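All remarks here apply to the structure that follows.
Numbered from 1 within each chain, the chains take letters A, B, ... in sequence-line order. None of the values given here were measured: they were computed from a predicted structure.
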Protein chains: 2
Amino acid sequence: MATRSELTSALKDAGFRLTPQRTAICAALAAREDHPTAQSIHEELKQQYESLSLTTVYQTLDSLVRIGAIRSLGTAGDDSVHYEPNIEPHINLACLTCHRIRDLESEAVRELEREVSEATGSKVLSGRVVYYSDCLLRADPNECPFSSKVADGTANTFGNVEPKR
Amino acid sequence: MATRSELTSALKDAGFRLTPQRTAICAALAAREDHPTAQSIHEELKQQYESLSLTTVYQTLDSLVRIGAIRSLGTAGDDSVHYEPNIEPHINLACLTCHRIRDLESEAVRELEREVSEATGSKVLSGRVVYYSDCLLRADPNECPFSSKVADGTANTFGNVEPKR
DNA sequence: TTTTTATCTGTAATCATTACAGATTTGTTG
DNA sequence: CAACAAATCTGTAATGATTACAGATAAAAA
């Protein structure tokens, strides 16, 4: 997991100005254990920063992705892009039913990045390694292959449930 | 690369009816060398199938993804989801500037899928292994890290250029 | 053939993400 | 420290890919 200061330093080093908004977004990213969307970050920070604009959240996340400080995983069966604050090479397992993403340690991903680096001739800045489940094809859509306790909201291997829009 | 009959058979085996529309979409997927979007498939087939609906293309692609016959890679810097007809384990390199995706052979990805399969306890149906470039951060946005000949349209390691919407 | 049910089509939403323009900051310079 | 130029923010108004919907069609089964 990236720390708040690692994220803010990355922005600063890349030539971006450090503003209260950006600092708050970095702090939120570092504190969260899940794979937030722009909207969820905005909702969370809106409480303290009344005036924080959703546009600013999008801009900042985009900047962080471009400098390789965080990564964009794409959607998880919903229509929102999920971000990954943890840039340690690993696999992401996404559930298309509950839209949560779980991290899975993997040595093979390190090897992957070496391959990419070699093929492109430059350091890997960003990427997504996501495997998504076939929940949707199952008879009971609540039967999540990553956990059998999604329906009743019981704690499971994922974080909080985010309802489908 | 999947063949047309492999795709149609997959649909049939999964319990879907074989219709002329689905067959045409499968044929288009099998024939293309790039990583098409729903829109590009639709545009291509619209010429022969005047009445083919964009909705049908989306539905069919979604079905194919769900049964694991093709994969969804997410966006490539544009706002469209790109599909991957080639389900042989490999790495995808996406250029955020020209929105094209290149395949890169990789033994490590096979190992990845073994890890995922083991962790989830079931066969891997779908996933995305995409590394995206930092084109956008470069001084000259035309300087694509995967090829230096994007600007003038000269042939390069990617397929055809798809303009940003 | 008749029936049942899946699939198609065209159109009308939906809604995440971006574009924009003016108001605010930030960092810098004298 | 005041003044400036550039970057950043904010709120609102698009944009446009994708999805929802309902009636029309066509596939598989009886």
- Item | Sugar-phosphate only, base, or nothing, as touched by B:L52 at under 4.0 Å among non-hydrogen atoms | sugar-phosphate

- Note on the structure: Between B:R22 and B:T60 the two heavy atoms that sit nearest each other are CG-OG1, 3.7 Å

- Picking from C:dA16, C:dT17, C:dC8, the nucleotide nearest the side-chain atoms of A:D79 would be C:dA16

- Message: Side-chain heavy atoms nearer than 4.5 Å, only ILVMFWY residues, links allowed to pass through others: does that put B:F16 and B:L61 together?
- Response: yes

- How would you label the contact of A:T56 with the nucleic acid (heavy atoms, under 4.0 Å): base, sugar-phosphate, or nothing? base

- Item | Whole-Å distance separating the NE2 atom of A:H82 from the P atom of C:dT17 | 9 Å

- In terms of side-chain heavy atoms of B:Y58, which of C:dA16, C:dT9, D:dT19 is nearest? D:dT19

- Would you say a side-chain N or O of B:S53 is under 4.0 Å from OP1 or OP2 of C:dG10? no

- Task: Verify the contact: side-chain N or O of B:Q39 to OP1 or OP2 of D:dA17, cut-off strictly under 4.0 Å; return yes or no.
- Result: yes

- Item | Donor-acceptor pair under 3.5 Å, B:R17 side chain vs C:dT7 base | no

- Item | Nucleotide of D:dC21, D:dT10, C:dT17 approaching B:T55 most closely (side-chain heavy atoms) | D:dC21

- Check: B:I101 and B:L73 side chains under 4.5 Å, non-hydrogen atoms: yes

- Message: Rounded to whole Å, how long is the line connecting atom OH of B:Y83 with atom C1' of D:dA17?
- Response: 10 Å

- Query: Tell me: CD1 of B:I25 to P of C:dT7, nearest whole Å?
  - Reply: 12 Å

- Over how many whole Å does the gap from A:R22 atom CZ to C:dT25 atom P extend? 15 Å

- Message: Between the side chains of B:R114 and B:E111, is the shortest nitrogen-to-carboxylate-oxygen separation below 4.0 Å, so that they form an ion pair?
- Response: yes

- Task: Give a yes/no answer on whether the side chain of B:T37 brings an N or O atom under 4.0 Å of OP1 or OP2 in D:dA17.
- Result: no

- More 5' along DNA chain D: B:L18 or B:L54, using each one's nearest nucleotide? B:L54

- Rounded interatomic separation in angstrom, taking NZ from B:K12 and C1' from C:dA6: 14 Å

- Item | B:Q59 or B:P20, whichever maps to the more 5' nucleotide of DNA chain D | B:Q59

- Rounded to whole angstroms, how far apart are NZ on B:K46 and P on C:dG10? 6 Å

- Nucleotide C:dA16, atom C1' - distance to CG of A:L61 in whole Å: 13 Å

- Whole-Å gap separating C1' (D:dA7) and CG (A:D62): 16 Å

- Task: Answer yes or no: does atom NZ of A:K12 have more than 12 heavy-atom neighbours from other residues, nucleotides or ligands under 6.0 Å?
- Result: no

